[in-house]
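For the numbers below, each heavy atom of this structure counts, side chains included, while hydrogens, waters and symmetry mates do not. For the single chain, residues carry numbers from 1 onward in sequence order.
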Amino acid sequence: KAAEEAKTDANTSLENAQAAQKAAEDAQAYAEAVETLANETKTLVETLETSKVGTDEYNKAVADLTAAAGDAQSLADQAAQRAEAAAQAAQTAQSAADIAKSEADKATKTLSDWSSDKIISPVEKSGISDELAFIVADKEDIEYQRALYSLESEADLYQAYLAGYNAYKADLDTILGASGSVAVPEGMAEHQATFYNTRTAILNAIATAAKLVADNAQEAADDAQEAADAAKERADAAYAYAEGLKDLLEQIDDDTILN
């Protein structure tokens, strides 16, 4: 059961990481699209100022301008939703980093209890099996997120984590590979401490990277909303201009204004 829970937790974390990365990319794309629409509305405003009121060209320009502003807001709303998804994923990554220390303390105490007599019994091996399943699934998660967030700058930390993982896993494999009771492998406590300490450090690095992705997504969403607001402002001004000209022409047609 513990092994399955570890795999489920790892998969959930991977999905959150993927969602965060896509959120940032989508939010940036939306911001750029909104900026394009805002520029188009500016061009449309200029077109309105030189068009003849009442012509098909004029009416189409007003309609296109309103539609562009609406599209800009729609894109901004989507960017905001993506940014929220990124923030949630970053929070999940930070939670994993926050509980890493307690997981390390729990594992250390468990091993200390099991090895108090320097022997691992057949009954205690089931816990060793769960621990092995956990660190294997956890390593897959860490390696995926390390690549996802491009943590090449943390190469030394990763190598330290990998060394600790390999040594600790070898100890667990040795215990499970022996029949009956087995002596605690020499240096296992140190290997375990190195593994969990470096694991905590690399999870903190991942959480920091996830937070940066979320911040960038939010910044892109804010830019998208700013561009959408500008597009709407241009559209509103152009619409008011168009309506003003129509009213003026109607008054002239009604001979309410003669000069």
Side-chain angles (χ1 to χ4, degrees), residues 1-21 85-116 118 120 124-176 184-215:
K1 181 179 178 181
E4 289 302 316
E5 289 178 351
K7 290 178 181 178
T8 298
D9 289 344
N11 287 335
T12 299
S13 184
L14 291 179
E15 290 170 1
N16 284 335
Q18 290 171 326
Q21 187 71 0
Q88 291 176 357
Q91 187 174 31
T92 298
Q94 186 59 58
S95 295
D98 290 343
I99 66 174
K101 180 63 168 61
S102 63
E103 290 174 334
D105 292 341
K106 179 180 178 181
T108 299
K109 183 179 185 306
T110 299
L111 178 60
S112 178
D113 292 343
W114 288 343
S115 60
S116 59
K118 300 186 183 305
I120 301 296
E124 292 168 337
K125 281 185 178 181
S126 64
I128 295 293
S129 180
D130 289 342
E131 176 74 348
L132 178 61
F134 168 73
I135 71 168
V136 169
D138 185 63
K139 178 174 176 287
E140 292 178 1
D141 181 19
I142 286 174
E143 289 186 334
Y144 180 89
Q145 294 196 64
R146 176 176 174 268
L148 184 69
Y149 294 117
S150 302
L151 296 179
E152 288 82 1
S153 61
E154 303 290 346
D156 291 344
L157 173 58
Y158 176 69
Q159 289 304 318
Y161 159 77
L162 197 59
Y165 169 85
N166 288 333
Y168 185 41
K169 181 177 182 297
D171 293 335
L172 299 176
D173 286 334
T174 296
I175 293 172
L176 294 175
V184 176
E186 184 177 353
M188 184 173 182
E190 290 77 10
H191 298 159
Q192 183 194 58
T194 298
F195 165 73
Y196 273 102
N197 287 339
T198 53
R199 173 181 181 267
T200 298
I202 203 165
L203 285 175
N204 278 319
I206 288 171
T208 298
K211 177 67 164 54
L212 179 60
V213 165
D215 289 346

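Counting only heavy atoms from C-beta outward, the side chains of Y158 and L151 never approach each other to under 4.5 Å. Put simply, the side chain of V136 reaches to within 4.5 Å of the side chain of E140, judged on heavy atoms.
Heavy atoms only, all atoms of each residue included: A210 and A90 are closest at O-CB, 3.6 Å. Taking every heavy atom of both residues into account, T194 and A160 meet most closely at CG2-O, 4.4 Å. Pairing each heavy atom of I120 with each of I128, the nearest pair is CG2-CG1, 4.2 Å.
The side-chain hydrogen bond (donor to acceptor under 3.5 Å, both in side chains) pairs that include a residue from residues 199-209 are E103-R199, D138-R199, where partners are two or more places apart or lie in different chains. Screening residues 85-102 for salt bridge (charged side-chain N to carboxylate O under 4.0 Å, His left out), with sequence neighbours left out, gives K101-D105. Annotation: ring-ring contact (aromatic ring centres under 6.0 Å, His included) contacts involving residues 192-212, sequence neighbours excluded, comprise Y161-F195, Y168-F195.
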Item to check | Derivation of the side chain to side chain contact (heavy atoms under 4.5 Å, CB included) call for D173 and K169 | outcome: CA-CA 6 Å; D173 286 334; K169 181 177 182 297; 2.9 Å; yes

Checklist entry - Are L172 and I135 close enough, and set up right, to give a side chain to side chain contact (heavy atoms under 4.5 Å, CB included), and what steps lead you there? => result CA-CA 10 Å; L172 299 176; I135 71 168; 3.8 Å; yes

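Residue L148 holds its CG atom at 13.5 Å from CD1 of I142, rounded to the nearest 0.5 Å. Note that the CD1 atom of I175 and the OG atom of S129 stand 11.5 Å from one another [nearest 0.5 Å]. Atom OH of Y149 and atom CG of L212 lie 10.0 Å apart (nearest 0.5 Å).
Legend: residues meeting side chain to side chain donor-acceptor pair (under 3.5 Å) with N166, ordered by chain and number and at least two apart, are absent. Residues satisfying the side chain to side chain donor-acceptor pair (under 3.5 Å) criterion with K211, sequence neighbours excluded, are D215.
With E143 as the partner, the side chain to side chain donor-acceptor pair (under 3.5 Å) test is satisfied by one option alone out of R146, Q145, K139: K139.
A donor-acceptor pair under 3.5 Å links the side-chain atoms of Q192 to the main chain of A107, judged by distance alone. A donor-acceptor pair is defined here as one N or O able to donate and one able to accept, closer than 3.5 Å; such a pair exists between the side chain of S95 and the backbone of Q91.
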Please table the atom pairs, donor to acceptor, closer than 3.5 Å between any side-chain atom in residues 184-191 and protein atoms at least two apart or in another chain.
unit_1	atom_1	unit_2	atom_2	d
H191	ND1	D171	OD2	2.7
H191	ND1	G187	O	3.3

